[in-house]
Amino acid sequence: MISDERQRVLDPEQDAAALKALTHPLRIRLLGMLRQDGPATASELAVRTGESSASTSYHLRVLAKYAFVAEAEHRDGRERRWRAVHSVTSWSNKLMEATPDSRAWLTVSRRAQIEHLEASLTRHEADVADGRLGPEWVEPAGISDLMPRLTPESLTELWEVLDRKLEELTTRDAEDPRAARVVLLTAGLPLAPPRSGAEPGLPLAPPRSGAEPETAAPETAAPATTGAEDAA
């Protein structure tokens, strides 16, 4: 399980204002950048996002107001640096379905995570092409799009097993200099039977012969979840 100090659990009633603050797409993006790449100044983030430093500074202050980011250790006294307070934001899907506002936020958050996957794929391909990643990363990298038939209980169990295994592996690799940041997005989106006359979607799954995990599957990608919770 993800440790409590590493995650921010949002409640739609107690954190209504914080949820509203996170509906702004630039704030979601800024928070993601700080989590993925570490502390940065408003000016550095402005260059990376194409926004003005005044804009990134304002949105960082809003994120700080709701305890998503905080001031980091400064390299010098000229400009403040910001860091993400938590590595994961999580919530209960059941609780989020209780109000229109929280349901709307859930949709915004998931769409932002799908955009993050696309941006991460572009960055990964560029890093490979530029030689910034060693050949040892070529084989394990990939995206899979599977469509198993599962019960609600089995899907919940799958998230729990994945969460435990991921925590085990990240702990094991914490001090290994070969470890790199990996963008891991997983989805468990149940689908009702197709309406009469509709064409069901076809899964794109990786070939399972030998040790071939690589596949191209542009159709489905969504945030990692733990049990009944989504994590962003």
Side-chain angles (χ1 to χ4, degrees), residues 1-2 7-13 15-16 19-20 22-25 28-29 32 88-125 139-169 182-232:
M1 296 290 290
I2 299 172
Q7 67 175 320
R8 169 81 177 272
V9 181
L10 295 176
D11 181 276
E13 292 186 2
D15 300 307
L19 285 169
K20 186 176 181 180
L22 269 188
T23 58
H24 195 288
I28 296 177
R29 190 177 178 193
V88 171
T89 303
S90 63
W91 58 84
S92 163
N93 287 334
K94 185 175 181 179
L95 292 179
M96 285 295 183
E97 288 292 327
T99 69
D101 286 345
S102 57
R103 285 199 301 271
W105 182 83
L106 194 59
T107 297
V108 169
S109 176
R110 286 173 171 173
R111 292 295 180 269
Q113 288 173 306
I114 292 172
E115 292 172 2
H116 174 54
L117 174 62
E118 183 176 3
S120 298
L121 176 59
T122 299
R123 177 172 170 179
H124 166 75
E125 291 172 337
E139 192 66 29
I143 302 173
S144 64
D145 183 355
L146 305 176
M147 296 185 69
R149 290 179 58 84
L150 299 173
T151 64
E153 294 78 14
S154 293
L155 182 56
T156 298
E157 182 180 345
L158 178 61
W159 292 133
E160 292 171 348
V161 170
L162 177 62
D163 191 36
R164 288 196 299 269
K165 190 62 178 180
L166 184 59
E167 186 69 15
E168 173 192 330
L169 295 176
V182 175
V183 176
L184 179 66
L185 288 94
T186 51
L189 305 174
L191 303 176
R195 295 184 180 90
S196 179
E199 286 290 333
L202 295 177
L204 294 174
R208 294 299 174 183
S209 60
E212 268 304 325
E214 182 69 26
T215 186
E219 292 187 348
T220 60
T225 61
T226 53
E229 295 182 344
D230 268 340

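L150 is linked by a side-chain contact (heavy atoms from CB on, under 4.5 Å) to P148, S154, L155, L158, counting only residues two or more places apart in sequence or in another chain. Take T107 and apply the side-chain hydrogen bond (donor to acceptor under 3.5 Å, both in side chains) test, not counting sequence neighbours, and it matches no residue. Qualifying salt bridge (Lys or Arg N to Asp or Glu O under 4.0 Å) partners for E168, counting only residues two or more places apart in sequence or in other chains: K165. For R111, there are no side-chain hydrogen bond (donor to acceptor under 3.5 Å, both in side chains) partners, not counting sequence neighbours. For T122, there are no side-chain hydrogen bond (donor to acceptor under 3.5 Å, both in side chains) partners at least two apart in sequence or on another chain. Qualifying side-chain hydrogen bond (donor to acceptor under 3.5 Å, both in side chains) partners for T23, counting only residues two or more places apart in sequence or in other chains: none.
Here the CG atom belonging to L10 is positioned 11.0 Å from the CG atom belonging to L95, to the nearest 0.5 angstrom. To the nearest 0.5 Å, atom CG of residue L184 and atom CG of residue L162 are 6.5 Å apart. For the atom pair CZ (R110) and CD (Q113), the distance works out to 8.5 Å, reported to the nearest 0.5 Å. To the nearest 0.5 Å, atom NE2 of residue H124 and atom CG of residue L117 are 11.5 Å apart.
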Exercise. Do S102 and W91 pass the side-chain contact (heavy atoms from CB on, under 4.5 Å) test, and can you show the C-alpha distance, the side-chain angles, and the key distance before you say yes or no?
Worked result: CA-CA 10 Å; S102 57; W91 58 84; over 6 Å; no
For this session: Could you go through the side-chain contact (heavy atoms from CB on, under 4.5 Å) check for E118 and L121 one step at a time?
Result: CA-CA 5 Å; E118 183 176 3; L121 176 59; 5.8 Å; no
Exercise. Does the side-chain contact (heavy atoms from CB on, under 4.5 Å) test come out yes or no for L106 and N93, once each step is laid out?
Worked result: CA-CA 8 Å; L106 194 59; N93 287 334; 4.1 Å; yes
Exercise. Does the side-chain contact (heavy atoms from CB on, under 4.5 Å) test come out yes or no for L19 and M96, once each step is laid out?
Worked result: CA-CA 10 Å; L19 285 169; M96 285 295 183; 3.7 Å; yes
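No side-chain donor-acceptor contact under 3.5 Å links S109 to the backbone of W105. At least one donor-acceptor pair under 3.5 Å links the side chain of R103 to the backbone N or O of E97. Side chain of D163 to backbone of W159: no donor-acceptor contact under 3.5 angstrom is found.
Taking the side chain as every heavy atom from C-beta outward, V183 and R123 never approach each other to under 4.5 Å.
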